[in-house]
Student: 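This is the structure, below, for whatever I ask next.
Below, read A as the first sequence line, B as the second, and so on, with proteins coming before strands; counting in each chain starts at 1.
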Amino acid sequence: MKAEPESRIVKGVDVKFSIDDLREMEGATSHWDGVRNYEARNILRDKMQVGDQVLFYHSNCKAPGIAGLATVVRSGYPDHTAFDPAHPYFDPKSDCASPKWFMVDVRFVRKFPRVISLAELKQHDQLRDMALVKRGRLSVQPVRKAEYDFILSLAGEQ
DNA sequence: GCCAACGTTGGC
DNA sequence: GCCAACGTTGGC
């Protein structure tokens with residue numbers, strides 16, 4: 001899952017959300033709102049399950065890369081920020097009766113000893129087919145078990 | 001339903 | 001700030 005760790009103002013609201021921000025939330029838990037892409041939405045709504053591990057990726061920043069781990073604590077449910085006209089993520093086409101956008105709740109697990117940069121991830125043949133490397137530009141994406149394990153080993157965790 | 005124009009993402 | 005890759009929009 002990607003989030004932007006540096007301040008950026010969208011419609012008057014700062015969209016900054018880093019792994020440290022997640023850790024500092026109450027219960028180190030947050031809903032993951034604001035995803036407005038159908039492919040990512042489908043993953044949030046249909047695929048992610050409680051207990052799934054999440055690689056927390058820092059994007060659109062000076063040092064893009066994987067910063068650490070989170071875990072899913074609530075599976076997909078409607079993203080209420082789409083219902084609020086005052087909210088930057090408002091979507092007039094979504095309402096309670098037939099929600100268009102979904103989110104999950106995630107909880108901080110731990111930071112990696114270092115950020116695994118995108119440049120480094122691109123250097124490893126084992127990650128050649130990883131969506132993050134091959135495709136980019138998708139804020140929620142699946143990770144294969146072999147890729148996940150390899151990334152943990154890069155982080156010096158195994 | 002096609003597809004050109006336009007907008008967004010996000011690394012560099 | 002540039003721009004490639006994609007997604008969305010809307011005319012026809």
Student: Contact list please: residues 60-70 of chain A against DNA chain B, heavy atoms, distance less than 4.0 Å, in numerical order.
Tutor: N60(A), P64(A)
Student: If the condition is ring-ring contact (aromatic ring centres under 6.0 Å, His included), which residues does F90(A) pass it with, not counting sequence neighbours?
Tutor: none
Student: Tell me whether D14(A) contacts the main-chain N or O of R8(A) through its side chain, where contact means a donor paired with an acceptor under 3.5 Å.
Tutor: yes
Student: I need the residues from residues 92-106 of chain A with at least one non-hydrogen atom less than 4.0 Å from DNA chain B; give them sorted by number, or say none.
Tutor: none
Student: Flag yes if more than 12 heavy atoms outside K47(A) fall under 6.0 Å of its NZ atom; otherwise flag no.
Tutor: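 No, not enclosed.
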Student: Show me the donor-acceptor pairs within less than 3.5 Å that the side chains of residues 117-124 of chain A make with the rest of the protein, sequence neighbours left out.
Tutor:
from, atom 1, to, atom 2, distance (Å)
S117(A), OG, E120(A), N, 3.0
E120(A), OE1, R114(A), NH1, 2.9
E120(A), OE2, R114(A), NH2, 3.0

Student: Are E4(A) and S59(A) linked by a side-chain donor-acceptor pair shorter than 3.5 Å?
Tutor: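 Not at all, the side chains of E4(A) and S59(A) share no donor-acceptor pair under 3.5 Å.
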Student: Quick one: ring-ring contact (aromatic ring centres under 6.0 Å, His included) partners of Y89(A), sequence neighbours excluded?
Tutor: H87(A)
Student: Give the minimum heavy-atom separation between P78(A) and M103(A), together with the two atoms involved.
Tutor: O-CE, 3.6 Å
Student: Could you verify whether a donor N or O on one side chain and an acceptor N or O on the other, from R36(A) and T81(A), lie under 3.5 Å apart?
Tutor: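 R36(A) vs T81(A): donor-acceptor pair found between side chains.
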Student: Quick one: closest heavy-atom pair of V104(A) and S75(A), and the distance?
Tutor: CG1-C, 4.0 Å
Student: Tell me what K122(A) touches on the nucleic acid: a base, only sugar-phosphate, or nothing, going by heavy atoms under 4.0 Å.
Tutor: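 Result for K122(A) = sugar-phosphate.
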Student: Between I19(A) and F108(A), is any pair of side-chain heavy atoms under 4.5 Å apart?
Tutor: yes
Student: Touch check for E4(A), heavy atoms < 4.0 angstrom, all strands: base, sugar-phosphate only, or nothing?
Tutor: nothing
Student: Between which nucleotides of DNA chain B, read 5' to 3', does contact with chain A run, using atoms under 4.0 Å from its heavy atoms?
Tutor: dT9(B) to dC12(B)
